[in-house]
Amino acid sequence: MDRRIICALDTGDLDEAIDLVHRFAPYVGAFKIGHGLTMPNGLRVVDILREHGAERIFLDLKFHDIPNSVALAVREAAKHGVWMLTLHLSGGPAMISAAVEEAAMYPEEQSPLLVGVSVLTSLDEATLQGFMGVNRTLPEQMAHLSQRGVELGLDGVVCSAHELKVLRPIVGHKVLVTPGIRGSVGDVHDQVRVGDAQTALADSADYLVIGRALTSKSDPVAALQQLGLDPVGA
Ligand code: C5P
């Protein structure tokens with residue numbers, strides 16, 4: 001098992017998700033679920049997947065609301081033993097602090113890791129500046145929000161493989177979670193800022209979120225090896 005690998009369960013079909021958990025649980029450290037699985041099933045999906053062998057669940061619902069509402073969301077996630085969750089850094093300092101304070105109410109083993117999302121990869125600089133009225137460049141905005149997030153007590157931030165080297169000195173020992181991982185050959189799908197697993201780990205990613213490069217393959221061992229990862233693990 002390589003505990004640094006988080007397998008993304010990007011499906012709305014619970015049976016398919018359970019099947020993926022059975023297949024990949026011996027090889028990866030955690031499973032990421034989003035709106036696709038949570039909307040139809042509620043947070044009981046966390047309990048169900050755990051019963052099927054998913055020891056750690058990363059709840060990627062990207063919370064963004066008033067502080068009280070986000071604190072309530074963190075509370076429910078903690079009650080279900082969620083291991084890691086995401087929230088939007090653009091929700092502001094009061095929202096971030098409310099989430100941090102709520103998570104701190106739980107014993108360490110039950111307190112979810114809180115990871116901030118700075119700028120969605122689907123947004124480009126023209127949209128950031130023209131639509132959202134931000135005066136910084138996109139990398140500047142990512143660095144700014146990430147720094148503020150960890151200063152406010154978050155456990156880490158999400159970033160693409162391309163931003164790891166810039167963000168590591170900014171976030172210090174906090175966690176960097178990197179999606180958009182692809183092999184040296186193969187489809188990049190809808191991802192733009194992709195990187196390979198070995199380089200991302202060498203550039204100090206703590207966790208790699210990998211979806212289709214794993215879940216589209218029937219053999220987990222071969223899928224990990226194709227990404228240059230050791231199925232027996234690190
Ligand atoms: O299939 P693939 O490896 O591209 O899936 C990546 C996963 O990481 C998806 O669940 C996607 O929603 C998520 N993600 C991402 N880019 C971000 C944040 C999350 O691709 N910036």
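Here the structure is a predicted model, which means the values were calculated and not measured. Ligands are counted one by one from 1 in listed order, and the atoms in each one are counted from 1 as well.
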Identify, by atom number and element, the atoms of ligand 1 in contact range of [X], meaning under 4.0 Å from any of its heavy atoms.
| X | result |
| --- | --- |
| Arg212 | 1 (O), 2 (P), 3 (O), 4 (O) |
| Thr121 | 16 (N), 17 (C), 21 (N) |
| Val209 | 7 (C), 8 (O) |

Checklist entry - Where the side chain of Ser146 meets the backbone of Met142, is there a donor-acceptor pair that is under 3.5 Å apart? => result yes
Next on the checklist: Closer than 4.0 angstrom, basic N to acidic O: yes or no for Asp219 and Lys217?
Outcome noted: no
Checklist entry - Looking at Leu9, Val177, Ile6, which one forms a side-chain contact (heavy atoms from CB on, under 4.5 Å) with Lys32? => result Ile6
Checklist entry - Is there a nitrogen or oxygen of Arg182 sitting under 3.5 Å from a nitrogen or oxygen of ligand 1? => result yes
Checklist entry - Any N or O of Asp10 that comes nearer than 3.5 Å to an N or O of ligand 1? => result yes
Checklist entry - Considering only heavy atoms, which of Ala8, Pro179, Ser216 lies nearest to atom 8 (O) of ligand 1? => result Pro179
Next on the checklist: Could you work out, with side chain to side chain donor-acceptor pair (under 3.5 Å) as the rule, every residue matching Ser160, not counting sequence neighbours?
Outcome noted: Glu163
Item to check | With sequence neighbours excluded, residues passing salt bridge (Lys or Arg N to Asp or Glu O under 4.0 Å) with Glu76 | outcome: Lys79
